[in-house]
Peer 1: 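Before anything else, here's the structure in question.
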Amino acid sequence: MIRTLDDLDAEGVAVGVRIDINSPVSGGELADDARLRAHVDTLAELLDRGARVAILAHQGRPGGDDFARLAAHADRLDELLDHPVDYCDATFSSAARDRVAALDVGEAVVLENTRFYAEEYMEFDPERAANTHLVEGLAPALDVYLNDAFAAAHRSQPSLVGFPTRLPSYAGRVMERELDVLGAIEETPTPRVYVLGGAKVGDSIGVARSVLERDLADTVLTAGVVGNVCLLAGGAELGNATAEFVYDAGYWDEIDRAGDLLDAHDEITVPEDVAVERDGARHEVSVADLPAEIDAPAKDVGSRTIAAYGEVIENAGTVILNGPAGVFEEEAFAEGTRGLYEAATRAEQSIVGGGDTAAAVRRLGIEGFDHISTGGGAALTLLTGDALPAVEALR
Ligand SMILES: Nc1ncnc2c1ncn2[C@@H]1O[C@H](COP(=O)(O)OP(=O)(O)O)[C@@H](O)[C@H]1O
Ligand SMILES: O=C(OP(=O)(O)O)[C@H](O)COP(=O)(O)O
């Protein structure tokens with residue numbers, strides 16, 4: 001059983017809240033605040049109910065351009081919430097503990113990026129995580145721990161799995177909602193259609209295999225780079241530019257895996273046509289006409305695929321979308337993503353997951369999904385039927 005905010009008497013209590021506000025950062029500024037806005041409900045409820053809130057979060061990965069301090073995140077949360085949100089440039093030192101001890105009722109502080117500390121970028125079992133410097137250092141300053149970081153729940157890192165061994169622990173509203181929807185996929189209306197696009201080919205093939213073997217999917221529609229790899233696996237000659245893209249991205253070995261899956265399951269569908277760039281404009285090529293003269297990579301599915309997939313999607317009981325259908329960042333190649341996502345909003349129930357997928361939904365201004373997951377890897381892990389370490393730690 002996982003305890004939730006409903007089970008917490010928050011008045012005056014020092015709550016360590018792990019959230020996932022890992023966001024695109026550009027020139028030290030937040031380029032997108034969707035993940036911050038997602039946690040507003042949980043944080044506002046805690047602060048309204050008189051908690052003293054210490055926020056724990058990571059940003060980026062060591063060495064990356066987006067490996068940043070959380071000062072800008074604190075400023076934005078301060079704007080989004082009716083309660084004051086401060087920033088502290090320490091995570092578990094005496095300075096951090098003193099700052100938490102000084103919190104008034106209804107006040108919050110964002111502690112520094114947890115991944116500034118080497119142990120936080122390692123995976124541990126919960127008992128070992130409870131003895132890391134971060135958890136050992138900060139736990140004495142907290143009364144309880146609350147995890148709302150669904151998007152990071154597939155990581156077994158100290159700030160995600162270490163506190164429940166030491167403190168009474170709870171799930172936040174984001175975590176609750178995500179587990180309710182994504183954890184009960186078997187109960188959603190059928191036919192169930194998975195649309196797998198985007199560029200994480202290995203993950204998507206794993207998901208396709210798993211949902212087909214577990215009879216969760218009635219149909220799997222492939223698009224994006226995933227669709228291109230499936231086309232190559234079926235012997236389609238998409239031209240050197242697409243082959244080079246797939247090779248350079250490290251997905252060449254996935255062609256055989258995709259081929260095995262296509263041989264084993266009729267429920268997987270590949271695109272009928274693709275769109276490439278020719279003379280600076282979108283140009284569509286039918287797979288039936290291959291081999292043809294193509295000297296640019298396939299960047300989107302074509303209009304016949306959009307129409308055929310769209311019909312399957314619209315008539316679905318449940319559609320689960322992960323990954324854009326094309327390079328939606330370029331207007332000429334956003335047609336597939338726009339067409340398939342809009343069709344999904346007309347299905348009986350629609351669920352979208354993935355960092356870039358959610359960004360595509362916002363950029364294209366598509367509304368009407370039943371659930372937009374904050375998580376990419378975490379959502380896929382749940383949909384594949386695997387346990388999430390941070391959720392298991394809360395149990
Ligand atoms: N045909 C394609 N060729 C190259 N890149 C593609 C293609 N289709 C989609 N993409 C790219 O895939 C990226 C998103 O994929 P992914 O990271 O798997 O999504 P998510 O974060 O939602 O899981 C986008 O940046 C998009 O440009
Ligand atoms: O952005 C995240 O995951 P996602 O890219 O799967 O959505 C989470 O913050 C986890 O980050 P990580 O993949 O660096 O561990």
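Just follow the structure's listing: the first ligand is 1, and inside any ligand the first atom is 1. For the single chain, residues carry numbers from 1 onward in sequence order.
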Peer 1: Between E284 (side chain) and S303 (backbone), is there a donor-acceptor pair under 3.5 Å?
Peer 2: yes
Peer 1: Suppose I only count heavy atoms of G198 and a 4.0 Å limit; which atoms of ligand 1 are within that range?
Peer 2: 12 (O), 15 (O), 18 (O)
Peer 1: Could you tell me the residue and atom name of the protein heavy atom closest to atom 22 (O) of ligand 1, and the distance to it rounded to 0.1 Å?
Peer 2: T357 OG1, 2.5 Å
Peer 1: Report, in ascending order of atom number, the atoms of ligand 2 lying under 4.0 Å from any heavy atom of N22.
Peer 2: 1 (O), 2 (C), 8 (C), 9 (O), 11 (O)
Peer 1: Report the residue from L103, T42, V17, V85 that forms a side-chain contact (heavy atoms from CB on, under 4.5 Å) with V53.
Peer 2: V17
Peer 1: Any sub-3.5 Å donor-acceptor pair from H58's side-chain atoms to R115's backbone N or O?
Peer 2: no
Peer 1: Can you spot which of V15, V109, V110 makes a side-chain contact (heavy atoms from CB on, under 4.5 Å) with I55?
Peer 2: V110
Peer 1: Quick test: of every protein heavy atom, which one is nearest to atom 3 (O) of ligand 2, and how far off is it to 0.1 Å?
Peer 2: A151 O, 3.8 Å
Peer 1: Using a strict 4.0 Å cut-off to heavy atoms of N228, name the atoms of ligand 1 that fall inside it.
Peer 2: 1 (N)
Peer 1: Any N/O of Q157 closer than 3.5 Å to an N/O of ligand 2?
Peer 2: no
Peer 1: To which protein heavy atom is atom 4 (C) of ligand 1 closest, and what is the distance rounded to 0.1 Å?
Peer 2: F245 CZ, 3.4 Å
Peer 1: Purely on distance, is any nitrogen or oxygen of R61 under 3.5 Å from one on ligand 2?
Peer 2: yes
Peer 1: With atoms numbered from 1 as shown, which atoms in ligand 2 lie under 4.0 angstrom from a non-hydrogen atom of G376?
Peer 2: 6 (O), 7 (O)
Peer 1: Is the number of heavy atoms from other residues, nucleotides or ligands under 6.0 Å of D6 CG greater than 12?
Peer 2: yes
Peer 1: Counting both backbone and side chain atoms, is some N or O of G377 under 3.5 Å from an N or O of ligand 2?
Peer 2: yes
Peer 1: For R115, state whether at least one heavy atom is located under 4.0 Å from any atom of ligand 2.
Peer 2: yes
Peer 1: Is there a heavy atom of F333 sitting under 4.0 angstrom from any atom of ligand 1?
Peer 2: no
Peer 1: Taking S169 for its side chain and L146 for its backbone only, find out whether a donor-acceptor pair lies under 3.5 Å.
Peer 2: no
Peer 1: Quick one: does L36's side chain get under 4.5 Å of S23's, heavy atoms only?
Peer 2: yes
Peer 1: Can you tell me how far apart CG (D41) and CG (L81) are? Round to the nearest 0.5 Å.
Peer 2: 10.0 Å
Peer 1: Suppose we measure from atom 9 (O) of ligand 2 to each protein heavy atom; which comes out shortest, and what is that distance?
Peer 2: D20 OD2, 2.7 Å
Peer 1: Is there a donor-acceptor contact under 3.5 Å linking the side chains of E178 and H371?
Peer 2: yes
Peer 1: One thing to verify: whether R214 and E186 come together as a salt bridge, which I'm taking to mean a side-chain N less than 4.0 angstrom from a carboxylate O.
Peer 2: yes
Peer 1: Considering only the protein, which heavy-atom contact is closest to atom 2 (C) of ligand 2, and what is its distance?
Peer 2: R35 NH1, 3.6 Å
Peer 1: Can you check which of G326, G375, G224 brings a heavy atom nearest to atom 10 (N) of ligand 1?
Peer 2: G326
Peer 1: Quick one: does ligand 1 sit under 4.0 Å from the side chain of D203, the backbone, both or neither, non-hydrogen atoms only?
Peer 2: neither
Peer 1: For atom 18 (O) of ligand 1, what's the nearest protein heavy atom and its distance?
Peer 2: A199 N, 2.9 Å
Peer 1: Which protein non-hydrogen atom lies closest to atom 2 (C) of ligand 1, naming both residue and atom, and how far is it?
Peer 2: V225 CG2, 3.6 Å
Peer 1: Are T305 and D273 linked by a side-chain donor-acceptor pair shorter than 3.5 Å?
Peer 2: yes
Peer 1: Heavy-atom distance to atom 23 (O) of ligand 1: which of E329, E330, K200 wins?
Peer 2: K200
Peer 1: For ligand 1, is G376 a contact, meaning one of its heavy atoms is under 4.0 Å away?
Peer 2: no
Peer 1: Below 3.5 Å, N or O to N or O, backbone or side chain included: is there any such pair between A152 and ligand 2?
Peer 2: no
Peer 1: Can you list, by chain and residue number, the hydrophobic cluster partners of V193 when the side-chain cut-off is 4.5 Å?
Peer 2: V195, L221, V301, I306, Y309, V312, I313, V319, L321, L340, Y341, V352, V361, L364, I366, F369, I372
Peer 1: Which residue owns the protein heavy atom closest to atom 5 (O) of ligand 2, what's the atom, and how far is it?
Peer 2: K200 NZ, 4.5 Å
Peer 1: Give a yes/no on ligand 1: does A298 have at least one heavy atom closer than 4.0 angstrom to it?
Peer 2: yes
Peer 1: Salt bridge check, E254 against R257: does any charged N sit closer than 4.0 Å to a carboxylate O?
Peer 2: yes
Peer 1: Considering only the protein, which heavy-atom contact is closest to atom 11 (O) of ligand 2, and what is its distance?
Peer 2: H58 NE2, 3.5 Å
Peer 1: Which protein non-hydrogen atom lies closest to atom 21 (O) of ligand 1, naming both residue and atom, and how far is it?
Peer 2: D356 N, 2.9 Å
Peer 1: Would you mind listing which atoms of ligand 1 come within a distance below 4.0 Å of any non-hydrogen atom of P324?
Peer 2: 9 (C), 14 (C), 15 (O), 19 (O)
Peer 1: Got the closest protein heavy atom to atom 15 (O) of ligand 2, with its distance?
Peer 2: R155 NE, 2.5 Å
Peer 1: Is a side-chain donor-acceptor pair under 3.5 Å present for D20 with H39?
Peer 2: no
Peer 1: Is it true that E120 and S159 share a donor-acceptor pair across their side chains at a distance under 3.5 Å?
Peer 2: yes
Peer 1: Taking the side chain as C-beta and beyond, is there a heavy-atom pair between Y87 and R69 under 4.5 Å?
Peer 2: yes
Peer 1: For ligand 1, which atoms sit closer than 4.0 Å to a heavy atom of K299?
Peer 2: 1 (N)
